[in-house]
Amino acid sequence: MDKKIEKPMRPAILAPAGSRPSFLAALAAGADAIYCGLKQFSARMEAHNFTFEELTALTELAHAQEARVYVTVNTLIKPGELGEVGQMVDRLNRGVKPDAIILQDLGLVSLVRKAGYTGQLNLSTLANVSSPSAIRWVGDHVEVDRVVIPRELNIDEIKAMAAACPPHLDLEVFVHGALCYGVSGRCYWSSFLGGKSGLRGRCVQPCRRQYTQNDTSRRFFSCQDLSLDVLVKVLMTIPKVKSWKIEGRKKGPHYVFYTVQAYQMLRDHGTDPQAKRAALELLEMALGRRGTHYHFLPQRPQSPLSTDGNTASGLYIGSVQGGREPYLSPRLELLGGDVLRIGYEDEPWHAVQKIGRAVPKKGRLHLKLPPKKIPRKGTPVFLIDRREETLNSLLDKLEARFKERLPDVTVLPSHFHLHLPEGARKAEGESILHICRYPSRKATEGLSALWLSTETTRALSPEDAAGYWWALPPVIWPAEENDMAEQVAAVIQNGGRNFILNAPWQKAFFEDRKDFNLWAGPFCNLSNPMAISALAAFGFKGAIVSPELGREDYLALPQNSPLPLGIILSGSWPLCVSRIISEDMNTGASFSSPKGEEAWARKYGGSYWIFPNWKLDIRSQKKELQKAGYRLFVDIAEPIPEGIMLKKRPGLWNWDLALY
């Protein structure tokens with residue numbers, strides 16, 4: 001008898017759901033898996049999200065259709081929230097029974113297991129596992145089953161990541177949806193301008209604003225949507241890519257239904273020209289932004305930054321006409337119940353309007369808006385949601401099945417209690433650490449550190465290397481990995497022993513040696529004692545905590561920290577780090593927001609750093625921090641481009657705010 005040849009498993013299509021209608025739309029479309037969040041600890045807190053009762057009934061419904069459910073617990077967790085997270089996971093485990101939990105805080109790996117969860121753990125893209133050595137190190141040291149890799153990677157880089165995966169680990173790749181300008185886990189823009197942290201799921205999208213440089217106002221940082229569409233067939237050749245992820249937990253059911261169906265066609269019938277055309281038509285009508293392949297093809301990269309195009313969410317359907325009685329002549333037929341977005345969210349006339357009845361193509365729709373929101377002629381209008389009769393019928397049937405299950409749902413209370421060990425004995429003395437971009441005269445007080453790069457190592461004599469601390473960059477792209485390994489080796493050969501790692505996986509460069517003083521850097525986004533405990537287990541000697549926290553959280557952290565702690569006391573902290581820059585943006589030159597906030601861009605290695613023209617400064621709080629137990633106080637010096645003057649304004653960041 002001939003040996004049976006097994007067909008390779010198809011990658012799962014993972015659909016977003018930020019509301020019950022979107023969840024049901026994913027089921028109606030036949031999604032293999034759905035990811036969603038509860039009302040707390042989700043990286044999309046602006047979505048409606050779910051109660052325990054809802055999610056339990058919805059998960060039962062999904063399982064009845066052989067669809068899996070992943071729950072996101074992927075936010076930055078503050079010290080006082082660990083017990084609450086543990087109780088939430090306990091209730092999830094005993095009631096909802098999700099197939100996977102998505103997380104980005106390494107402390108939660110241990111916490112969810114303590115809470116009894118034994119299912120799949122997926123490491124979020126917010127964790128920024130961006131190179132082959134990083135994925136290999138995660139597979140060897142972190143007990144997760146899947147890694148969601150950055151959207152910035154091209155197909156060759158994805159293949160390299162897959163080749164580095166240990167047997168038990170697999171990959172999830174974004175194939176469609178909104179792009180952030182900043183690298184996931186490396187954007188602090190929203191938080192720095194008002195405490196609404198992207199790492200807490202509350203980003204207000206300042207990158208979508210209009211900025212001015214050299215008297216030219218444009219949306220320099222507003223990205224188009226990622227759409228791999230027909231190119232996804234290449235991913236079929238990479239067995240380690242087990243999941244195709246569609247972004248969009250703030251999107252409506254129409255978007256979810258159309259995108260899931262489109263990628264099913266491309267996956268299952270991608271060689272059929274008719275199916276490909278049908279899939280592209282579905283994506284065209286999915287009500288997203290204009291699509292881009294982004295970096296996916298290294299030989300033909302596309303910039304997602306189109307300052308001349310519309311990058312508001314939704315399908316562009318025309319512009320406002322008329323004066324005091326504005327109207328729209330749509331370029332396609334509108335249906336009763338369609339939802340329109342008028343203008344951009346940062347414009348004074350921005351509004352969302354639901355229409356009552358159908359409007360024919362090139363017909364006339366009078367816009368009923370308050371007098372203070374009369375839009376300027378030419379303002380773009382976007383279709384952001386619609387409910388066709390066919391989709392409504394499918395949703396109604398699934399809604400009925402959901403409601404049948406809901407009365408039988410029992411939400412069990414949690415009896416989980418978290419016991420945190422006492423912190424390590426407070427280290428004697430304290431140190432001041434000055435981090436500079438380039439070698440200069442050493443600080444007269446405290447320790448000196450340099451950002452590790454080819455330029456800095458070449459500028460120093462070998463005997464000088466041992467006298468510095470060395471900070472690794474917050475993002476290392478695959479093409480930079482070998483060079484970074486060589487720079488680390490050169491510093492070590494010349495006697496360097498003190499390093500600041502800005503991602504836990506950067507420890508891959510130091511695995512063979514135990515005599516180093518390795519500190520976790522501020523870009524590790526450490527915000528609770530369990531995350532710090534995880535790094536202590538990996539051999540780190542100290543940790544510089546996240547600069548996003550507020551006073552109460554800062555003062556609580558040392559109580560249960562197993563490692564000595566450091567904190568950024570002052571200096572230039574970036575709004576974000578990105579892999580791209582607009583062709584219309586001049587680096588090193590100031591640009592400003594409508595509110596007068598100024599910033600500039602600088603390229604270092606393969607990344608662009610965006611800096612505000614005022615400094616983080618909590619030096620006035622130093623005594624309180626010393627009393628709490630901090631021992632390393634950090635100042636970050638950044639070269640200021642010629643012509644840019646730093647403003648004198650409060651740099652307390654979130655010190656006086658309860659981080660949202």
side-chain hydrogen bond (donor to acceptor under 3.5 Å, both in side chains) partners for R91, two or more places apart: none

Check: S191/N654 side-chain N/O donor and acceptor closer than 3.5 Å: yes

Derivation of the salt bridge (Lys or Arg N to Asp or Glu O under 4.0 Å) call for D268 and R10: CA-CA 8 Å; D268 301 338; R10 301 178 306 173; 2.9 Å; yes

Between D229 and H293: side-chain donor-acceptor atoms closer than 3.5 Å: yes

Between E388 and H254: side-chain donor-acceptor atoms closer than 3.5 Å: yes

Neighbour count above 12 (heavy atom, 6.0 Å) for E284 CD: no

Passing candidate, side-chain contact (heavy atoms from CB on, under 4.5 Å) with I135, options L123, L169, D140: L169

Any donor-acceptor N or O pair under 3.5 Å, side chains S227, R290: no

Salt bridge (Lys or Arg N to Asp or Glu O under 4.0 Å) between K97 and E60, worked out: CA-CA 9 Å; K97 296 180 173 59; E60 289 178 2; over 6 Å; no

C36 and V69: CA distance, side-chain angles, deciding distance, side chain to side chain contact (heavy atoms under 4.5 Å, CB included) verdict: CA-CA 8 Å; C36 53; V69 175; 4.2 Å; yes

Donor-acceptor pair, side chain of N74 and main chain of Q104, under 3.5 angstrom: no

K78 and its side-chain contact (heavy atoms from CB on, under 4.5 Å) partner, picked from E552, E548, E84, R200: R200

Atom of A100, atom of N122 and distance for their closest heavy-atom approach: CB-ND2, 3.9 Å

Y344 and H350 aromatic centres sub-6.0 Å: no

Side-chain donor/acceptor of S124 to backbone N/O of I102, under 3.5 Å: no

Minimum heavy-atom distance between L171 and R146, given as atom pair plus value: C-CG, 4.2 Å

Between D225 and Y294, a side-chain donor and acceptor under 3.5 Å: no

Closest non-hydrogen atom pair between L24 and L398, with its separation: O-CD1, 3.2 Å

Exercise: do T56 and T59 side chains pair donor with acceptor under 3.5 Å: no

Ring geometry between W189 and F221 (parallel below 30°, tilted from 30 to 60°, perpendicular above 60°): perpendicular

Flag if over 12 foreign heavy atoms under 6.0 Å of NZ, K276: yes

Salt-bridge present (D32, R267; N to O < 4.0 Å): yes

Within 6.0 angstrom of E143 CD, more than 12 heavy atoms from elsewhere: no

For H141 against F538, the heavy-atom pair lying closest together: O-CE2, 3.5 Å

Modelled atom types, side-chain donor and acceptor of S243 and E172, under 3.5 Å: yes

For S313, the option from R208, K251, R289 that meets side-chain hydrogen bond (donor to acceptor under 3.5 Å, both in side chains): K251

Pair D170-K242, salt bridge (Lys or Arg N to Asp or Glu O under 4.0 Å): steps then yes or no: CA-CA 6 Å; D170 60 53; K242 302 291 188 185; 5.9 Å; no

